[in-house]
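For reference, the structure discussed in these notes is given below.
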Number of protein chains: 2
Amino acid sequence: MSASAHLQKAATNQNNLKPAGAGGVRQRQSLEARHNLIEATIFCLDKFGYADTSIARIQDQAKVSRGALTHHFPSKEELVIATIDSLLEKLLRPSLPSKKLSQTDIVADLRWLARNITGTARGRALSEVLMATRTDKKLSARVSARLTDWNTKLDEAVVGFYASPNGDDDDVRQIWMIARTFMRGLILQQPFTPDPAQIEQAINRFGTLIAPYLETRKRDGVDDAKPL
Amino acid sequence: MSASAHLQKAATNQNNLKPAGAGGVRQRQSLEARHNLIEATIFCLDKFGYADTSIARIQDQAKVSRGALTHHFPSKEELVIATIDSLLEKLLRPSLPSKKLSQTDIVADLRWLARNITGTARGRALSEVLMATRTDKKLSARVSARLTDWNTKLDEAVVGFYASPNGDDDDVRQIWMIARTFMRGLILQQPFTPDPAQIEQAINRFGTLIAPYLETRKRDGVDDAKPL
DNA sequence: TAATACAGAACGATTGTTCTGCTTGTAAAG
DNA sequence: CTTTACAAGCAGAACAATCGTTCTGTATTA
C-alpha cells in the first residue's frame, strides 16, 4: 500500500504489516513493476510534458501491459501521486553527492541546487507536476499537504547547514526559499534566454546577492543529505 | 496574416498589404472574433492549464461556433501562437499603470512585476505556454525567436529606467533578468508555500537583496510603459 | 459574382477506465 | 511433504468520451 516502500536493491525486508523478513518473490516483482512504472512516468513527464504524458505512453516506456499498469495504479491520478511521492523522497535525500558540501562556496551549492531543480529529469518532471497542480484542483487537494510538509522539512535541513550572520534562522529559511524559487523560475525563463552561459552567469550573480546573508555552519562529520 | 495586428479598439487602419484606411465592417468583425478567441484562450489557459485547454473549451468560452474558430485559426497551434503574440504585446506595453513608477521604491516596482507575472490571468497563461514550449518542439520552434526578441526589448527598456551604481548596464540587465526569473518561479513555488503573506514577504526580501545594485534613472517626463 | 465569414456534421485517432480471462505464487488443509 | 483453494499479478479486449482536423453547406459583404 505504502507507495514509498520500494527501490531497495537488495529488498531485504519490507517494513509492512508483516514484520517477517524476506518478502516473497511475488511482492518483490510487484514493487519492481511499480518502480518501473514510476520511473517511466518521470521520463515521460520530462520528455513530453504533463499535457502529453498519457498512460499509453507510460506503458510503452515501461514496457508493461495495459493490464499490469491498471492493476498497480487503478487510475492515472494514483500513478501521478505515487510519482510525486517518489520524486520528493529522492530529492530530499539524493544519492550521496560526489562532492561533499563545499562548506565555503555558496555559489557551488547553488549550482548543485540548480542542477537538482532544472538540470535533471526528476527535477523537471516535478516542475511539470507542480504546474499541473495549479489548475488541477483534485490533484492539488491530494498532494498539497505532502508538498508543504516537504517544504518544512527542507527548511529544517537548511537551517542545519546554514546560519545567518545576525542569528536569525528565519532569514536563512527565507533566503533559501527565494533561492529555490529562483531556480524553479529558470525553467520558465529558459525560453527567453536559451544561452546556457547566460543562465550560469545569472546563477553566479544570484549567489553573490545572497552570500552576504549566509554563513556555513560547522559540520559534525555526518555526511547527511544536502538540502534542496 | 500578421497575428500581431489586432486588438485596436478603434481599428483605425491596418498596416497590412492594403494601405487604404477604414477597414470594412467585415474585417472589423473578423478582428473582433479573433480577439474574442484569443481572450478565451487566455482565460482557459489560466483556469484549466495547458493540458486541459481544448479547442472545444475555447469555443465554449468565446461563444463561437466550431466553424468560426477553425476559420480564423485552422489549427490549434495557430491559435496558441496568436495568443502568445497577444500576451507579449500587452505585457510589454501594459495599459498605463495607475501609479507612475515609484522612482524611489524598487520594492514597489517588484510588486508590480510580481502582479504582472503571477497575479494576472495573462501572466499565468503565459507561464502555462512557456512550460509547454519546453517539450513541444514544434511550438518552441515557432515562438522562440519572438520570445528572445521580446526579452531583448525588455532589457533595453529596463536600462532606460534603472542604472547600476558602478555604471555597468549589463549588471542592470542581469539583475532584472534574475528578478523576472524569481517571479516566474513563484508560480512553481506556490504549491509549497500557499500562504500569500509568506510570498509577499519573500518578494520584499528579494527587493532588499537587489536594491543596493540599482539606481532609478531620472525620468524625462515621458510616461512610457513600465518594463517587465 | 466571387471570395469571405461562419455554422455544424463527420472523421479517425487517442484519451482514461472498466471488464473478462488466464497464469502463478502462497498459505492453509490433508 | 503434498495437495488444494484462492487471491494476487497480469494480459488484452472493449468502452464511451473527447481530442483536433476536415469537410460540406449557407449566408453575407465587397
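So that the names make sense, note that chain A is the first sequence line, chain B the second, and so on, each numbered from 1.
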Report task. Evaluate the ring planes of F206(A) and F182(A), with Trp represented by its six-membered ring, and classify them as parallel (under 30°), tilted (30 to 60°) or perpendicular (over 60°). Result -> parallel

Query raised in the report: Within the structure shown, what part of the strands sits under 4.0 Å from T70(B) by heavy-atom distance: base, sugar-phosphate, or nothing?
Result: base

Query raised in the report: Are H72(A) and dC10(D) close enough that a side-chain N or O sits under 4.0 Å from OP1 or OP2?
Result: yes

Query raised in the report: Any side-chain donor-acceptor pair under 3.5 Å between N116(A) and R122(A)?
Result: no

Report task. Take atom CD of E77(A) and atom P of dT18(C), then tell me their distance rounded to the nearest Å. Result -> 12 Å

Query - Under 4.0 angstrom between S65(B) side-chain N/O and dG8(C) OP1 or OP2 - result: no

Query raised in the report: For L69(B) and dG8(C), what is the distance between atoms CG and C1' respectively, to the nearest whole Å?
Result: 13 Å

Query raised in the report: Run the side-chain hydrogen bond (donor to acceptor under 3.5 Å, both in side chains) check on R180(A) and N151(A) step by step: do they pass?
Result: CA-CA 10 Å; R180(A) 272 176 275 142; N151(A) 200 59; 2.6 Å; yes

Query raised in the report: Just how far, in rounded Å, is C1' of dT23(C) from CD of Q29(A)?
Result: 12 Å

Requested in this report: With DNA chain D as reference, determine whether A33(A) or K76(B) sits nearer its 5' end, using the nearest nucleotide of each.
Outcome: A33(A)

Report summary line: Among dA11(D), dA8(D), dT17(C), the one nearest any side-chain atom of H71(A) is dA8(D)

**Report entry** Pair D136(A)-F48(B), side-chain contact (heavy atoms from CB on, under 4.5 Å): steps then yes or no
**Finding:** CA-CA 7 Å; D136(A) 191 332; F48(B) 306 117; over 6 Å; no

**Report entry** Nucleotide nearest A68(B) (side chain, heavy atoms from C-beta), chosen from dC10(D), dT15(C), dA7(C)
**Finding:** dA7(C)

Query raised in the report: What's the closest nucleotide to the S30(A) side chain, out of dA13(D), dG9(D), dA9(C)?
Result: dG9(D)

**Report entry** S54(B) vs dC19(D): side-chain N/O to OP1/OP2 distance below 4.0 Å
**Finding:** yes

Query raised in the report: To the nearest angstrom, how far is I55(A) atom CD1 from dT18(C) atom P?
Result: 11 Å

Requested in this report: Whole angstrom is fine here: how far is it from CD1 in I58(B) over to C1' in dT18(D)?
Outcome: 14 Å

